[in-house]
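Note that ligands are numbered from 1 as they come in the structure, with each ligand's atoms numbered from 1 the same way. If you read the sequence from its start, that first residue is 1, and numbering goes on from there.
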Amino acid sequence: MRVFVAGASGAIGTRLVPQLIAHGHEVIGTFRSAGHDLRIRALGAEPVALDVLDARAVRRAVLDTHPDAIIHQATALANMRWSRSLDRSFALTNRIRTEGTDALLAAARAAGVRRFVGQSFASYRYAREGGPVKTEDDPLDPAPPAAARQTNAAMSYLDRAITEAGGIALRYGGFYGPGDEGMAGLVRKRQYPIVGDGDGITSWIHLDDAAAATVLALGHDGAAIYNIVDDEPAPMREWLPVLADVLGAKRPWRVPRWLAGLVAGEAMASMAAESRGASNAKAKRELGWTLRYPSWREGFKVAYGSSDPPRDRAANDARAPTTSN
Ligand SMILES: NC(=O)c1ccc[n+]([C@@H]2O[C@H](COP(=O)([O-])OP(=O)(O)OC[C@H]3O[C@@H](n4cnc5c(N)ncnc54)[C@H](OP(=O)(O)O)[C@@H]3O)[C@@H](O)[C@H]2O)c1
């Protein structure tokens with residue numbers, strides 16, 4: 001297939017492009033920042049400069065490149081300034097997830113592109129009640145903290161718009177991997193404390209496993225939502241000390257929940273204290289996905305420590321689609 005990857009130069013995009021090419025696809029990869037065309041070309045894809053918020057440019061780029069499939073991985077999270085309001089921090093990403101998705105879907109319709117896969121998010125979105133691990137059929141948080149409402153609404157919009165158009169929304173876990181320093185940087189500086197009893201659960205995913213699932217989703221017929229997360233959703237009190245240890249950082253502080261709310265904002269505090277994890281059973285069952293890093297315990301070591309990566313990728317590589325349309 002000819003695959004148009006919007007946001008090919010980012011954390012997930014740069015892991016995805018080589019896997020797509022390895023499975024026989026031709027890739028057109030879009031970038032936004034000056035110089036990132038070189039990154040895309042070096043990976044073996046054809047670079048195209050694109051702002052997904054410019055709907056006419058999106059339509060032109062898709063019509064000009066004749067793809068069989070579109071994968072939407074654009075976000076504005078790199079170098080994002082965190083504020084106490086998640087909605088303020090995510091404002092541009094929220095537009096990319098709503099207006100950008102609309103522009104890409106409209107371009108797909110105009111160009112007759114039948115396959116569409118988009119980046120959604122699993123961690124911190126499910127209802128903060130009931131069991132610790134949620135499936136795609138479980139309800140999303142009906143009343144997110146005030147400062148996260150627009151962010152949650154944008155992800156729900158993306159899930160709905162893509163599936164109504166017959167595509168696939170992948171609800172990824174929290175990304176980690178070599179070079180992805182977002183969370184690791186804060187833990188190294190001891191700026192990421194355990195909140196309250198550290199009960200909030202995170203579902204993690206190594207970027208290479210996220211990319212492998214995305215390649216498989218491209219070969220799947222029909223609309224669907226999948227949690228793309230690892231096998232071990234875990235409370236903050238478990239994963240954070242392990243990550244600090246792997247990074248050689250001091251043990252994380254513990255702060256009371258009320259103080260976390262005051263300093264980091266209610267949205268961050270509630271994620272840390274109340275969030276639920278996600279189940280990957282449906283993705284494994286329907287996509288035939290296997291994980292190279294089934295647990296963050298091993299994955300963190302490989303990404304940020306000194307141990308060697310597992311050698312055997314054969315299971316995933318054998319299952320991913322290799323044919324062209
Ligand atoms: N996924 C989440 O919800 C989430 C939440 C919190 C933190 N994080 C962290 O944020 C990073 C997310 O990884 P990612 O791959 O989604 O993001 P990323 O590494 O920032 O990559 C985003 C991609 O979108 C492109 N882009 C940015 N603005 C665009 C626009 N207006 N139009 C078209 N393309 C645009 C970027 O191009 P250029 O590279 O050329 O600028 C890049 O290719 C990771 O470090 C992750 O740990 C993610």
Ligand 1 atoms nearer than 4.0 angstrom to some heavy atom of Q119 are 1 (N), 16 (O)
Do any N or O atoms from the side chain of T14 and from the backbone of S9 form a donor-acceptor pair under 3.5 angstrom?
-> no
Could you tell me if any non-hydrogen atom of R171 lies under 4.0 Å from any atom of ligand 1?
-> no
With heavy atoms under 4.0 Å as the rule, classify the contact between I96 and ligand 1 as side chain, backbone, both or neither.
-> side chain
Side-chain ion pair, D197 and R237, N-O less than 4.0 Å = no
Return the set of residues passing side chain to side chain contact (heavy atoms under 4.5 Å, CB included) with I21 (not counting sequence neighbours), or none when no residue passes.
-> V17, V27
In plain terms, say whether R297 and E232 are close enough for a salt bridge, that is, a side-chain N and a carboxylate O under 4.0 Å apart.
-> yes
Looking at atom 29 (C) of ligand 1, is any protein heavy atom nearer than 4.0 Å to it?
-> yes
H36 and F31: CA distance, side-chain angles, deciding distance, ring pair (Phe, Tyr, Trp, His ring centres under 6.0 Å) verdict = CA-CA 6 Å; H36 284 185; F31 65 98; 7.5 Å; no
Please work out whether any backbone atom (N, CA, C, O) or any side-chain heavy atom from C-beta onward of A6 is under 4.0 Å from ligand 1, and answer side chain, backbone, both or neither.
-> neither
Specify side chain, backbone, both or neither for F90, according to which of its non-hydrogen atoms lie closer than 4.0 Å to ligand 1.
-> side chain
Protein heavy atoms: any of them under 4.0 Å from atom 5 (C) of ligand 1?
-> yes
Going by atom types only, do Y172 and S123 share a side-chain donor-acceptor pair under 3.5 Å?
-> no
For ligand 1, which atoms, with element, lie under 4.0 Å from some heavy atom of D51?
-> 30 (C), 31 (N), 32 (N)
Taking non-hydrogen atoms only, is R97 closer than 4.0 angstrom to ligand 1 via side chain, backbone, both or neither?
-> side chain
Carboxylate-amine/guanidinium contact R128 D141, below 4.0 Å | yes
Mind checking whether R32 contacts ligand 1 via backbone (N, CA, C, O), side chain (CB onward), both or neither, at a 4.0 Å heavy-atom cut-off?
-> both
Heavy-atom nearest neighbour in the protein, as seen from atom 46 (C) of ligand 1, with distance rounded to 0.1 Å | D180 OD2, 3.6 Å
Polar atom proximity, F121 to ligand 1 (N or O, under 3.5 Å) | no
Ignoring hydrogens, just give me the one of T75, L50, L53 whose non-hydrogen atom is nearest atom 14 (P) of ligand 1.
-> T75
Return the minimal non-hydrogen interatomic distance between Q150 and D87, and the atom names on each side.
-> N-OD2, 3.0 Å
Short list, please: which atoms of ligand 1 are under 4.0 Å from a heavy atom of F31?
-> 40 (O)
Which of parallel (below 30°), tilted (30 to 60°) and perpendicular (above 60°) describes F300 and Y176?
-> perpendicular
